[in-house]
Amino acid sequence: EIYTLSLHDALPILVDQGMNQAEFERAFRLPFDEAAQWFLDKLDIPTSHWDELDGAAHAKAFASAGAIQADLLSDLRALTEGAIAGGMDIREFRRQFRPLVGKYGWQLQGGGPGWRSDLIWRTNIQSAYQAGRWQQFEEAGISHLKYVHNDSVRHPRPNHVAMDGTVLPRTDPFWSVNYPPNGFGCKCRAVPATRKEIAAAGDTPRRPGDWETLPDAGWNANVGDKRRGYRALAAKFESLPNDIRSEEHTSELQSLVDIS
(Lines give C-alpha, C1' and ligand atoms only; values in the text may rest on other atoms or scores of the structure.)
Protein backbone atom coordinates (compact mmCIF):
# COMPACT_ATOMS: atom_id res chain seq x y z
CA GLU A 1 0.00 0.00 0.00
CA ILE A 2 1.46 3.34 -1.06
CA TYR A 3 0.30 6.51 0.62
CA THR A 4 -1.53 9.02 -1.56
CA LEU A 5 -1.96 12.52 -0.18
CA SER A 6 -5.65 12.96 0.63
CA LEU A 7 -7.62 16.18 0.28
CA HIS A 8 -7.90 16.22 4.09
CA ASP A 9 -4.12 16.21 4.45
CA ALA A 10 -3.73 18.70 1.63
CA LEU A 11 -6.22 21.24 3.03
CA PRO A 12 -3.62 23.16 5.09
CA ILE A 13 -1.48 23.45 1.95
CA LEU A 14 -4.36 24.91 -0.01
CA VAL A 15 -5.07 27.42 2.75
CA ASP A 16 -1.55 28.36 3.85
CA GLN A 17 0.10 28.36 0.44
CA GLY A 18 -2.79 29.94 -1.44
CA MET A 19 -2.96 27.09 -3.98
CA ASN A 20 -5.94 26.70 -6.24
CA GLN A 21 -7.39 23.31 -7.20
CA ALA A 22 -5.40 23.07 -10.45
CA GLU A 23 -2.13 23.73 -8.63
CA PHE A 24 -3.00 21.13 -6.04
CA GLU A 25 -3.76 18.51 -8.71
CA ARG A 26 -0.47 19.21 -10.46
CA ALA A 27 1.62 19.04 -7.29
CA PHE A 28 0.14 16.34 -5.13
CA ARG A 29 -1.57 13.60 -7.14
CA LEU A 30 -0.02 10.23 -7.97
CA PRO A 31 1.76 9.06 -10.02
CA PHE A 32 4.14 12.00 -10.24
CA ASP A 33 7.32 12.82 -12.12
CA GLU A 34 9.46 13.56 -9.06
CA ALA A 35 9.22 9.96 -7.81
CA ALA A 36 10.16 8.50 -11.18
CA GLN A 37 13.06 10.93 -11.63
CA TRP A 38 14.41 10.12 -8.17
CA PHE A 39 14.74 6.49 -9.20
CA LEU A 40 16.23 7.33 -12.61
CA ASP A 41 18.95 9.37 -10.85
CA LYS A 42 20.14 6.33 -8.89
CA LEU A 43 23.40 4.59 -9.78
CA ASP A 44 23.70 0.78 -9.93
CA ILE A 45 25.85 -0.45 -7.04
CA PRO A 46 26.63 -4.16 -6.41
CA THR A 47 26.43 -5.24 -2.78
CA SER A 48 26.88 -8.54 -0.97
CA HIS A 49 24.87 -7.56 2.11
CA TRP A 50 22.02 -5.11 2.72
CA ASP A 51 24.01 -3.07 5.29
CA GLU A 52 27.02 -2.61 3.01
CA LEU A 53 25.79 0.93 2.27
CA ASP A 54 24.67 3.43 4.86
CA GLY A 55 21.25 5.06 4.80
CA ALA A 56 22.32 8.14 2.89
CA ALA A 57 24.06 6.11 0.18
CA HIS A 58 21.00 3.90 -0.25
CA ALA A 59 19.03 7.00 -1.21
CA LYS A 60 21.12 7.39 -4.38
CA ALA A 61 22.19 3.79 -5.05
CA PHE A 62 20.16 1.06 -6.70
CA ALA A 63 21.28 -2.06 -4.88
CA SER A 64 19.94 -5.39 -3.72
CA ALA A 65 21.88 -7.67 -1.39
CA GLY A 66 23.75 -10.33 -3.33
CA ALA A 67 23.23 -8.69 -6.71
CA ILE A 68 26.85 -8.19 -7.78
CA GLN A 69 26.65 -8.67 -11.58
CA ALA A 70 26.23 -5.60 -13.79
CA ASP A 71 23.74 -7.35 -16.11
CA LEU A 72 21.66 -8.60 -13.18
CA LEU A 73 21.51 -5.13 -11.68
CA SER A 74 20.55 -3.67 -15.06
CA ASP A 75 17.69 -6.13 -15.58
CA LEU A 76 16.47 -5.75 -11.99
CA ARG A 77 16.59 -1.99 -12.32
CA ALA A 78 14.51 -2.06 -15.51
CA LEU A 79 11.93 -4.24 -13.77
CA THR A 80 11.77 -1.92 -10.75
CA GLU A 81 11.61 1.18 -12.95
CA GLY A 82 8.50 -0.20 -14.61
CA ALA A 83 6.87 -0.72 -11.22
CA ILE A 84 7.64 2.82 -10.03
CA ALA A 85 6.27 4.27 -13.26
CA GLY A 86 2.95 2.70 -12.33
CA GLY A 87 2.82 0.01 -15.00
CA MET A 88 3.34 -3.05 -12.82
CA ASP A 89 1.57 -4.22 -9.67
CA ILE A 90 3.22 -6.46 -7.12
CA ARG A 91 1.83 -9.67 -8.64
CA GLU A 92 3.27 -8.92 -12.07
CA PHE A 93 6.56 -7.84 -10.51
CA ARG A 94 6.72 -11.12 -8.62
CA ARG A 95 5.97 -13.10 -11.79
CA GLN A 96 8.79 -11.43 -13.76
CA PHE A 97 11.23 -11.55 -10.84
CA ARG A 98 11.38 -15.33 -10.55
CA PRO A 99 12.86 -16.01 -14.04
CA LEU A 100 15.42 -13.26 -13.46
CA VAL A 101 16.68 -15.03 -10.33
CA GLY A 102 17.10 -18.25 -12.28
CA LYS A 103 18.74 -16.59 -15.27
CA TYR A 104 21.64 -15.24 -13.21
CA GLY A 105 21.80 -17.95 -10.56
CA TRP A 106 21.18 -15.30 -7.93
CA GLN A 107 21.60 -16.71 -4.42
CA LEU A 108 18.92 -14.87 -2.48
CA GLN A 109 19.47 -13.94 1.16
CA GLY A 110 16.82 -13.91 3.86
CA GLY A 111 14.02 -15.66 2.00
CA GLY A 112 12.71 -17.07 -1.27
CA PRO A 113 11.81 -15.29 -4.54
CA GLY A 114 8.29 -14.38 -3.37
CA TRP A 115 9.49 -12.71 -0.17
CA ARG A 116 12.41 -10.99 -1.88
CA SER A 117 10.39 -9.65 -4.81
CA ASP A 118 7.82 -8.18 -2.41
CA LEU A 119 10.58 -6.54 -0.38
CA ILE A 120 12.20 -4.98 -3.47
CA TRP A 121 8.88 -3.78 -4.88
CA ARG A 122 7.63 -2.20 -1.66
CA THR A 123 10.95 -0.68 -0.58
CA ASN A 124 11.73 0.98 -3.89
CA ILE A 125 8.22 2.29 -4.55
CA GLN A 126 7.75 3.63 -1.04
CA SER A 127 11.18 5.29 -1.06
CA ALA A 128 10.60 6.82 -4.50
CA TYR A 129 7.23 8.25 -3.55
CA GLN A 130 8.49 9.68 -0.26
CA ALA A 131 11.50 11.25 -2.00
CA GLY A 132 9.18 12.75 -4.58
CA ARG A 133 6.99 14.15 -1.82
CA TRP A 134 10.03 15.77 -0.20
CA GLN A 135 10.87 17.54 -3.44
CA GLN A 136 7.29 18.76 -3.68
CA PHE A 137 7.37 20.03 -0.10
CA GLU A 138 10.53 21.98 -0.94
CA GLU A 139 9.17 23.41 -4.19
CA ALA A 140 5.87 24.39 -2.55
CA GLY A 141 7.71 26.11 0.31
CA ILE A 142 5.97 24.07 3.01
CA SER A 143 7.29 25.52 6.27
CA HIS A 144 6.47 22.75 8.78
CA LEU A 145 5.88 19.01 8.56
CA LYS A 146 4.16 16.58 10.91
CA TYR A 147 5.25 12.97 11.36
CA VAL A 148 2.34 10.54 11.05
CA HIS A 149 2.58 6.91 12.13
CA ASN A 150 0.35 4.47 10.23
CA ASP A 151 -1.78 3.00 13.00
CA SER A 152 -3.22 0.31 10.73
CA VAL A 153 -0.05 -1.81 10.85
CA ARG A 154 -0.34 -5.10 12.72
CA HIS A 155 2.91 -4.79 14.64
CA PRO A 156 3.72 -1.11 15.36
CA ARG A 157 7.39 -0.35 15.95
CA PRO A 158 7.82 1.59 19.23
CA ASN A 159 10.62 3.70 17.75
CA HIS A 160 8.30 4.81 14.92
CA VAL A 161 5.34 5.39 17.24
CA ALA A 162 7.61 7.64 19.34
CA MET A 163 7.79 10.10 16.43
CA ASP A 164 4.03 10.24 15.77
CA GLY A 165 2.66 13.77 15.90
CA THR A 166 6.05 15.49 15.90
CA VAL A 167 5.74 18.94 14.28
CA LEU A 168 8.93 20.68 13.21
CA PRO A 169 10.15 23.08 10.52
CA ARG A 170 10.98 21.31 7.27
CA THR A 171 14.57 22.55 7.65
CA ASP A 172 14.98 21.07 11.16
CA PRO A 173 17.78 18.45 11.51
CA PHE A 174 15.15 15.96 12.66
CA TRP A 175 13.99 15.42 9.07
CA SER A 176 17.50 14.72 7.78
CA VAL A 177 17.49 11.59 9.96
CA ASN A 178 13.83 10.68 10.48
CA TYR A 179 12.00 11.54 7.27
CA PRO A 180 10.13 8.35 6.29
CA PRO A 181 10.43 5.61 5.37
CA ASN A 182 12.37 4.62 8.47
CA GLY A 183 12.72 0.89 7.90
CA PHE A 184 11.74 -1.99 5.66
CA GLY A 185 7.96 -2.03 5.30
CA CYS A 186 7.58 1.34 7.03
CA LYS A 187 4.28 3.05 6.18
CA CYS A 188 4.87 6.23 8.18
CA ARG A 189 4.58 9.53 6.34
CA ALA A 190 5.15 13.24 6.73
CA VAL A 191 2.38 15.72 5.96
CA PRO A 192 2.22 19.52 5.99
CA ALA A 193 1.34 20.83 9.45
CA THR A 194 -1.70 23.05 9.91
CA ARG A 195 -1.44 26.58 11.26
CA LYS A 196 -2.96 25.38 14.53
CA GLU A 197 -0.39 22.57 14.84
CA ILE A 198 2.47 24.94 14.06
CA ALA A 199 1.27 27.41 16.70
CA ALA A 200 0.92 24.62 19.28
CA ALA A 201 4.46 23.42 18.55
CA GLY A 202 5.87 26.83 19.45
CA ASP A 203 9.13 28.43 18.42
CA THR A 204 11.41 26.06 20.34
CA PRO A 205 11.96 22.74 18.52
CA ARG A 206 10.57 19.80 20.46
CA ARG A 207 12.08 16.61 19.12
CA PRO A 208 11.44 13.14 20.55
CA GLY A 209 14.02 11.81 22.99
CA ASP A 210 16.98 10.09 21.32
CA TRP A 211 15.62 11.31 17.99
CA GLU A 212 18.89 10.62 16.16
CA THR A 213 18.64 6.89 16.91
CA LEU A 214 14.94 6.29 16.26
CA PRO A 215 15.05 5.00 12.63
CA ASP A 216 15.66 1.29 12.07
CA ALA A 217 19.31 0.33 11.46
CA GLY A 218 20.50 1.60 8.09
CA TRP A 219 17.56 3.99 7.57
CA ASN A 220 18.87 7.11 9.31
CA ALA A 221 18.72 9.38 6.26
CA ASN A 222 16.30 11.47 4.25
CA VAL A 223 15.69 9.72 0.91
CA GLY A 224 15.06 13.11 -0.67
CA ASP A 225 18.45 14.58 0.31
CA LYS A 226 20.41 14.40 -2.96
CA ARG A 227 23.61 16.05 -1.78
CA ARG A 228 24.13 13.80 1.24
CA GLY A 229 23.23 10.69 -0.75
CA TYR A 230 25.71 11.21 -3.58
CA ARG A 231 28.54 12.18 -1.23
CA ALA A 232 27.96 9.06 0.87
CA LEU A 233 28.07 6.99 -2.32
CA ALA A 234 31.33 8.42 -3.65
CA ALA A 235 33.63 6.41 -1.37
CA LYS A 236 31.89 3.12 -2.21
CA PHE A 237 32.05 3.87 -5.94
CA GLU A 238 35.85 3.83 -5.99
CA SER A 239 35.94 0.13 -5.02
CA LEU A 240 33.54 -1.11 -7.70
CA PRO A 241 34.47 -3.60 -10.46
CA ASN A 242 35.32 -2.18 -13.87
CA ASP A 243 32.09 -3.34 -15.56
CA ILE A 244 30.17 -0.95 -13.30
CA ARG A 245 32.75 1.70 -12.38
CA SER A 246 33.37 2.93 -15.91
CA GLU A 247 34.99 6.29 -16.65
CA GLU A 248 31.58 7.55 -17.79
CA HIS A 249 29.90 6.55 -14.50
CA THR A 250 32.74 8.01 -12.42
CA SER A 251 32.33 11.34 -14.24
CA GLU A 252 28.57 11.13 -13.80
CA LEU A 253 28.84 10.62 -10.04
CA GLN A 254 31.27 13.54 -9.69
CA SER A 255 28.96 15.83 -11.64
CA LEU A 256 26.00 14.80 -9.48
CA VAL A 257 27.98 15.56 -6.31
CA ASP A 258 28.99 18.94 -7.71
CA ILE A 259 25.48 20.07 -8.72
CA SER A 260 23.43 18.52 -5.90
Query raised in the report: Is there a chain of hydrophobic side chains (I, L, V, M, F, W, Y, each step under 4.5 Å between heavy atoms) that links Leu72 to Leu79?
Result: yes

Query raised in the report: Is any side-chain heavy atom of Glu212 less than 4.5 Å from a side-chain heavy atom of Pro173?
Result: no

Query raised in the report: What closest approach, in Å, do Arg77 and Leu40 show between heavy atoms, and which atom pair accounts for it?
Result: NH2-O, 3.0 Å

**Report entry** Spacing of Arg95 atom CZ and Asp89 atom CG [to the nearest 0.5 Å]
**Finding:** 10.5 Å

**Report entry** Shortest non-hydrogen contact between Asn178 and Tyr147, atoms and distance
**Finding:** O-CE1, 3.3 Å

Requested in this report: Can you see which heavy atom on Thr47 is nearest to which on Ala63, and at what distance?
Outcome: OG1-CB, 3.8 Å

Query raised in the report: Can you check whether Thr166 reaches Trp211 side chain to side chain, under 4.5 Å on heavy atoms?
Result: no

Query raised in the report: Just checking, any donor-acceptor pair under 3.5 angstrom between side chains of Trp38 and Glu34?
Result: no

Query raised in the report: Going from CZ on Phe62 to OG on Ser74, what distance comes out if it is rounded to the nearest 0.5 angstrom?
Result: 9.5 Å

Requested in this report: Begin from the C-alpha positions of Asp216 and Asn182 and carry the test side chain to side chain contact (heavy atoms under 4.5 Å, CB included) through to its verdict.
Outcome: CA-CA 6 Å; Asp216 296 355; Asn182 282 307; 5.7 Å; no

Report task. Go through the steps to decide whether His149 and Met163 satisfy the test side chain to side chain contact (heavy atoms under 4.5 Å, CB included), and finish with yes or no. Result -> CA-CA 7 Å; His149 177 263; Met163 294 183 275; over 6 Å; no

Requested in this report: Please examine the side chains of Ser127 and Phe39, heavy atoms only from C-beta on, and report whether any two atoms are closer than 4.5 Å.
Outcome: no

Report task. Flag the pair His160 / Pro180 as yes when at least one side-chain heavy-atom distance between them is below 4.5 Å, and no otherwise. Result -> no

**Report entry** Polar side chain donor-acceptor pair, Asp225 to Tyr179, under 3.5 angstrom
**Finding:** no

Query raised in the report: Sequence neighbours excluded, which residues qualify as side-chain hydrogen bond (donor to acceptor under 3.5 Å, both in side chains) partners of Arg98?
Result: none

Report task. Check Ile68 against Pro46 and note the closest heavy-atom contact, atom names and distance. Result -> CA-CB, 3.5 Å

Requested in this report: Report the distance from atom CD of Gln96 to atom OG1 of Thr80, rounding to the nearest 0.5 Å.
Outcome: 10.5 Å

Report task. Determine, using the 4.5 Å side-chain heavy-atom cutoff (strictly less than), whether Val148 and Val161 are members of one ILVMFWY cluster. Result -> no

Query - Glu139 CD: over 12 foreign heavy atoms closer than 6.0 Å - result: yes

**Report entry** Separation between CD1 of Ile198 and CG of Leu168, rounded to the nearest 0.5 Å
**Finding:** 11.0 Å

Report task. Using distance alone, with no hydrogens and no angle criterion, decide if Arg133 and Gln130 have a side-chain donor and acceptor under 3.5 Å apart. Result -> no

**Report entry** Interatomic distance, Ile45 atom CD1 to Ser64 atom OG [nearest 0.5 angstrom]
**Finding:** 13.5 Å

Report task. Give the minimum heavy-atom separation between Leu145 and Trp134, together with the two atoms involved. Result -> CD1-CZ3, 3.6 Å

Query raised in the report: Hey, are the side chains of His144 and Glu197 touching, using non-hydrogen atoms and a 4.5 Å cut-off?
Result: no

Report task. With the side chain counted from C-beta on, respond yes when Asp118 and Arg94 share a heavy-atom pair under 4.5 Å apart, and no when they do not. Result -> yes

Query raised in the report: Is the shortest heavy-atom distance from the side chain of Ile120 to the side chain of Phe93 under 4.5 Å?
Result: yes

Query - Distance, nearest 0.5 Å, that separates CG of Asn150 from SG of Cys186 - result: 8.5 Å

Query - Side-chain (Lys42) to main-chain (Ala61) donor-acceptor, under 3.5 angstrom - result: yes

Report task. Say whether Ile84 and Met88 are linked into one hydrophobic cluster, either directly or through other cluster members, by side-chain heavy-atom distances under 4.5 angstrom. Result -> yes

Query raised in the report: Where is the tightest heavy-atom contact between Asn222 and Trp175, given as atom of each residue plus distance?
Result: ND2-O, 3.3 Å

Query raised in the report: Can you tell if the side chain of Trp121 reaches within under 4.5 Å of the side chain of Phe97, non-hydrogen atoms only?
Result: no

